[in-house]
Amino acid sequence: MNKHFNKILFISFYLLCNLEANVQLIKKENNDSNTTLLVIAGIHGNEPGSYFAASILATHYNIKTKNLWVVPNLNKDSIRANKRGIHGDISRKFLTLKRNNPHKDIIEEIKKLILSKNVSLVLNLHDSHGFYRKEFQGSIFNPNAWGQTCVIDQCKLDQNQAFGNLNKIASTVKKNLNLNLLQKHHAFDVRNTKTKFEDEAMQLSLTYFAVTNNKPAFAIESSKNLSSLSQKVYYQLLAIEEFMNIMDIAFTRNFNLKEKSIQKIIQSYGEIRINDNIRLKLSNIKNKLSFVPIELGINKFKFTNLLGDIQKTKNKYFVFIGNKLVTTLKPQYFQIEKIVQKI
Ligand SMILES: [Zn+2]
């Protein structure tokens with residue numbers, strides 16, 4: 001087993017507390033290469049195919065050559081709310097941003113990651129409406145739909161840039177995805193937004209920020225009209241695997257890329273550890289738990305699931321896996337000093 005895969009298994013609890021960085025980044029690296037695929041998910045909170053796929057990629061794949069970096073849940077507040085963006089659309093904030101914008105820190109961090117010299121190619125994962133077709137075939141299948149596309153901003157980058165022939169790469173990904181469709185109407189296509197000349201809104205986007213800095217970047221859009229979350233995740237993972245093949249990133253995964261296996265993984269919520277002493281299994285947990293011992297000051301919440309998150313209100317702690325509210329904890333507050341004295 002690869003030593004880096006070991007690392008991810010041993011550090012299997014992900015800490016959630018006030019000290020965390022704004023952007024969660026999982027690195028799966030080998031020392032033999034500078035080639036790195038950066039996968040960014042959860043820029044829009046109501047697109048679970050994106051962030052569940054990225055989370056599975058980070059935890060269930062073994063990267064044997066070259067490097068994979070994964071940001072599984074960029075816009076955490078909006079993911080918990082299951083909204084596109086509770087403070088506006090992050091996807092439209094990559095050109096300019098006011099100093100007091102609530103997304104400022106996230107955007108600065110993710111820009112720095114994209115520009116990191118190690119990063120060779122950027123994938124931005126989304127779920128979108130309908131099924132893209134070049135000809136109008138009704139409200140779901142038409143040229144304005146974005147679902148089931150590999151999106152590029154332009155055909156090519158600078159001539160000598162590795163992976164700079166965006167159109168050729170996207171066309172290869174499309175062709176191979178279409179050999180593995182669950183149903184015929186799920187067919188993928190390449191959508192070139194020709195951002196520089198034809199799409200002002202996309203000039204504010206993450207991928208356009210990347211390509212204007214000569215970093216190859218693509219968006220993968222699974223359809224929101226697919227019948228299940230596991231189908232959306234299936235296509236996202238299939239697309240990511242195609243990109244890894246193109247980049248010669250050798251990998252294995254510890255499950256079959258089938259809807260049923262994916263569904264099982266999505267439903268495995270894992271565990272939460274509170275202040276390193278209480279441990280709760282989150283799969284099949286009750287909707288509400290009362291008298292949970294919580295400290296009055298800062299609490300540490302650790303999840304085995306990368307998409308684990310906590311939302312605190314005055315008297316309750318809401319426990320989320322992605323956009324799924326898993327349970328609500330009603331705390332019984334105590335001060336740690338008093339307990340120590342009693343002992
Ligand atoms: Zn989106």
Side-chain angles (χ1 to χ4, degrees), residues 23-24 38-57 70-95 97 101-103 106-107 109-111 113-114 122-132 140 142-153 166 170 173-174 177 186 188-193 195 199-211 217-226 228-240 243 266 307 309 320 322-324:
V23 173
Q24 180 174 215
L38 170 62
V39 175
I40 300 167
I43 199 165
H44 292 140
N46 59 348
E47 299 176 8
S50 144
Y51 42 86
F52 277 95
S55 162
I56 291 172
L57 176 70
V70 185
V71 174
N73 53 347
L74 187 67
N75 192 354
K76 289 182 207 161
D77 295 356
S78 300
I79 290 174
R80 287 197 312 265
N82 199 27
K83 296 254 165 67
R84 183 174 174 88
I86 57 170
H87 303 297
D89 188 347
I90 292 194
S91 220
R92 300 287 176 266
K93 295 185 177 184
F94 278 80
L95 190 60
L97 198 58
N101 191 292
H103 287 141
I106 292 179
I107 300 271
E109 273 184 45
I110 203 74
K111 276 183 169 177
L113 264 183
I114 291 167
V122 180
L123 279 186
N124 186 17
L125 312 187
H126 290 264
D127 306 344
S128 263
H129 169 73
F131 297 86
Y132 174 67
I140 306 287
N142 63 63
N144 291 321
W146 287 77
Q148 305 300 88
T149 56
C150 183
V151 184
I152 51 175
D153 291 279
L166 306 181
V173 170
K174 163 204 152 170
L177 280 172
H186 297 169
F188 263 75
D189 209 342
V190 177
R191 186 174 176 144
N192 184 350
T193 52
T195 303
D199 197 329
E200 274 182 35
M202 288 294 285
Q203 288 173 11
L204 315 176
S205 71
L206 182 151
T207 52
Y208 194 64
F209 168 79
V211 299
F218 304 78
I220 302 295
E221 308 262 0
S222 64
S223 175
K224 287 186 176 180
N225 296 76
L226 291 167
S228 68
L229 175 55
S230 45
Q231 286 194 352
K232 293 170 197 165
V233 170
Y234 168 81
Y235 285 115
Q236 292 282 1
L237 291 175
L238 206 58
I240 295 164
F243 276 96
I266 292 171
L307 300 179
D309 206 358
F320 285 86
N323 60 348
K324 296 175 190 298

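Side chains included, hydrogens not; waters and symmetry mates left out as well; all remaining heavy atoms used. In each ligand, atom 1 is the first atom listed, and ligand 1 is the first ligand listed.
For Lys232 and Phe52, the positive end is not near the middle of the six-membered ring at less than 6.0 Å and at most 45° from its axis.
For the residue pair His44 and Asp89, a side-chain donor N or O sits within less than 3.5 Å of a side-chain acceptor on the partner. Checked by atom type, the side-chain pair His126/Glu47 shows a donor-acceptor distance below 3.5 Å.
The salt bridge (charged side-chain N to carboxylate O under 4.0 Å, His left out) test applied to Arg191 returns no partner, not counting sequence neighbours.
Ring planes of Phe188 and Tyr235: tilted class, angle from 30 to 60°.
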- Item | Audit row: Lys76, Asp309, salt bridge (Lys or Arg N to Asp or Glu O under 4.0 Å) steps and yes/no | CA-CA 8 Å; Lys76 289 182 207 161; Asp309 206 358; 5.9 Å; no
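Protein N/O/S atoms closer than 2.8 Å to the Zn ion (ligand 1): His44 ND1, Glu47 OE1, Glu47 OE2, His126 ND1.
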